[in-house]
Amino acid sequence: MTAKRVLIAQAVLAGAAALVILAKEFPGLVREVRIWRMADLKSGSRHPS
């Protein structure tokens, strides 16, 4: 039972660390998505469909 608790605790800590990293990187990801959208719009205007 103790090993199972240790594994659960490690999984919780790893998940929390992943959430913290994602929260810190979120503004940069939003900026990148906006840049990709602008680049797609510009390429779409050059090549009308």
Side-chain angles (χ1 to χ4, degrees):
M1 212 50 168
T2 305
K4 188 175 181 181
R5 285 184 181 176
V6 169
L7 287 174
I8 291 171
Q10 287 178 346
V12 168
L13 288 174
L19 283 175
V20 168
I21 291 170
L22 183 63
K24 285 186 176 183
E25 293 295 326
F26 190 71
L29 292 173
V30 171
R31 190 178 310 118
E32 289 291 329
V33 168
R34 286 180 182 169
I35 291 170
W36 292 336
R37 285 182 181 173
M38 285 191 295
D40 286 343
L41 289 175
K42 288 179 183 175
S43 65
S45 65
R46 278 186 270 151
H47 305 289
S49 55

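Both backbone and side-chain heavy atoms feed into the values below; hydrogens, waters and symmetry mates do not. The shown structure was predicted, so the numbers you read here are calculated from the model rather than taken from an experiment. When a residue number appears, it is its place in the shown sequence, counting from 1.
Residue-environment remark: CD (Glu32) exceeds the threshold of 12 foreign heavy atoms within 6.0 Å.
Under the side-chain contact (heavy atoms from CB on, under 4.5 Å) criterion, Val20 pairs with Lys24, not counting sequence neighbours.
Atom CZ in Arg31 sits 9.5 Å away from atom CG in Leu29 (nearest 0.5 Å). Taking CZ of Arg5 as the start and CG of Leu7 as the end, the distance is 12.5 Å to the nearest 0.5 Å.
As a member of the Ile/Leu/Val/Met/Phe/Trp/Tyr network built from side-chain separations under 4.5 Å, Ile8 groups with Val12.
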